[in-house]
Amino acid sequence: MCGIAGYIGERENTSEILFNMLKHLEYRGYDSAGIACISDDVICISKDKGKISELEDKIHSDVVSDIGIAHTRWATHGQPSHVNAHPHTDCEEKFCVVHNGIIENHAELRDELEKKGHKFTSSTDTEVIPHLIEDFYEGDFEQAFVSAVKRLRGSFALVAVSLRDGDRILAARKESPLIIGLGDGENFIASDTPAVIHHTRNIIILDDFNYAVVLRDSVVVKDFQSGECVKKEVHRIDWDVKQAEKEGFEHFMLKEIFEEPQAVRNALKAQKDVEGIASKLAGYGRIYFVACGTAYYAALAAKYLLERFGIPSEAVLGSEFRYSTINSIDKDCAVIAVSQSGETADTLVCAKECKKKGAYLTGIVNVVGSSLTRVVDDNIHIYAGPEIAVASTKAYIGQVTSLIMLSLFIAREMNKIGEEYLREMLDNIHSVPGKMGEVLAGVDEIKKLAGEYSGKEIFFYIGRRQNYPTALEGALKIKEISYVHAEAYPAGELKHGPLALLEDGVPVIAIMPNDELLEKMESNVAEAEARNAIVLRVSEDGDFRVPVVDPLLSPLLYITPLHLFAYYISLRRGLDPDKPRNLAKSVTVE
Ligand code: F6R
């Protein structure tokens, strides 16, 4: 959802530094990009439509400069084009801004500014910001910046430079992430840590309503509402630089699928936290999950599991929760927000509103220090490490692992299961990484299957109970990276309508763990085969073969082959699985 970068220091190759920072933020948006550097009293801007890798010649110039800002865009207002690409400037090109988020009152501000004679060149919401700064400027860049920021409604992370004061970068945040990397005689600004880790491991995380004055050798953070200084903690990034590199894999997505066994092990490290949080959750009459996309499917799997233990719960999509479920939330509810990025606006706003209503709020989050982790009462980190591919894979595995563990501990606390069963299940989870390794070792078989089916334009995914979410996740993955139509259904629901779509050769992927519903699944498969559909089974002896595992853990193990399948279908269709069209990771707008 747009990536922002900024550099101020003593090095004079700012354009190159910013270009490399953008490459590490490309997962946040890739329809256009641009860089602005101050050199010899001129703001030199180079920008264009396209992916960063295609823009190297156009946006990375050799201009000598030690201060600049940059942006990679995921369009919200105004289609991807040269004029709509960031950075944007005021009428006289003295102020220059990059922005992530949505300025909700941009039309009203634009109208007001146009009446005062400001000339706009793009159709973005962002362009109002440099014009506002220009309008407020009376000799003090910081004051004009703060006055402009106070006029904005909506969500923003924004960074500005100016020829009026070429020795500082100003940055502000409300509901969109922004960090400052602290170097030695130099400082960095970015939407996320992978952009700065090659330069520094020490970061400051801006909170809502913070703005920062970033100089070469100092950073001052203030509250833009009160104007008061805010004391900030310096965080240390503790993951390895290599984790944000492809390390020999063709794509991040493939690397991340191969990290799924490790994602289980990493999530298991939080067992102590999980146990403590489960004992609190067990005291609540109602448990709700809120999440979006893939994280929602992980939450849905947990809801099925809790129900298996006789514990009622509800899993709701963030974008729906806010306008319906929220009315049922009060201090007797516990809400679990699940998010890889911890920045998804639809999930984050629900979490904030639940907190206001007095609910006990837990997060299941991957990105350490992200907004959600700072809103919740307690957090369970999944420790999956940076997930760079837009389509979530290893984080899903981490989320499902944490949620299975959490459900088991809640069930034990509520006396729905005994200690012995709990320990047996924990041992079973510990055996999953090895079994996933066996699935991954069969990658060539899956690649072959993908080759056979890559020409199909429709896929059905079916599963029952806790594997209905597995079907949803399998279908979403193929939709988003292969642009193929895929439908996911609870298997018993096929006959209530969708069966009409099954005809000769339509692939139906059936998730069939060896449990008491297997016979029911066989009947559903027979219904599909009777319509000449081609059924591909994910089972112990199926087309996608998985080792024997306790059926309650099948949502973990049975998705890995489907992640690989989606990846190879995408490749066979000549697409870039890491950067699906129209999408971006970390959706920070509602
Ligand atoms: C799908 C995918 C998205 C995200 C969703 C929530 O592969 O990645 O559906 O799962 O946008 O994102 P987080 O987990 O960051 O809240």
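The structure presented is a predicted model; accordingly, all values stated were derived computationally and were not measured. As the structure lists them, so they are numbered: ligands from 1, and atoms in each ligand from 1.
Under a 4.0 Å heavy-atom criterion, V390 is in contact with ligand 1. Ligand 1 lies out of reach of T347, whose nearest heavy atom is not under 4.0 Å from it. Distances from ligand 1 to the non-hydrogen atoms of K477 include at least one value under 4.0 Å.
For atom 15 (O) of ligand 1, the nearest non-hydrogen atom of the protein is S341 OG, 2.7 Å. The nearest protein atom to atom 11 (O) of ligand 1, hydrogens excluded, is given as V587 CG2, 4.3 Å; this is a heavy-atom distance. Nearest non-hydrogen protein atom to atom 14 (O) of ligand 1 is Q340 N, 2.6 Å. Distance from atom 2 (C) of ligand 1 to its nearest protein heavy atom, with residue and atom name: T294 OG1, 3.9 Å. Counting only heavy atoms of the protein, atom 6 (C) of ligand 1 lies nearest to C292 O, 3.3 Å. Here the protein heavy atom with the shortest distance to atom 7 (O) of ligand 1 is E480 OE2, 2.4 Å.
Proximity of a side-chain donor or acceptor of T401 to a complementary backbone N or O of V264 within less than 3.5 Å is not detected. Under the 3.5 Å distance criterion, the side-chain polar atoms of E343 are matched with a main-chain donor or acceptor of S371. Side-chain atoms of R286 come within 3.5 Å of backbone atoms of S328 as a donor-acceptor pair (strictly under, hydrogens ignored). Without hydrogens or angle criteria, K477 side chain to S392 main chain gives a donor-acceptor distance under 3.5 Å.
Classified by interplanar angle (parallel below 30°, tilted 30° to 60°, perpendicular above 60°), the ring pair Y567/H251 is perpendicular.
Using a 4.0 Å cut-off between charged side-chain N and carboxylate O, D576 and K51 make a salt bridge.
Atoms of ligand 1 lying under 4.0 Å from any heavy atom of T344, numbered from 1 in the order shown and given with element: 6 (C), 12 (O), 13 (P), 15 (O), 16 (O). Set against the non-hydrogen atoms of A295, the atoms of ligand 1 under 4.0 Å away are 10 (O), 14 (O). When each atom of ligand 1 is checked for a heavy atom of L476 under 4.0 Å away, the hits are 1 (C), 9 (O).
Note that CZ of F460 and CG of L501 are 4.5 Å apart. Values are rounded to the nearest 0.5 Å.
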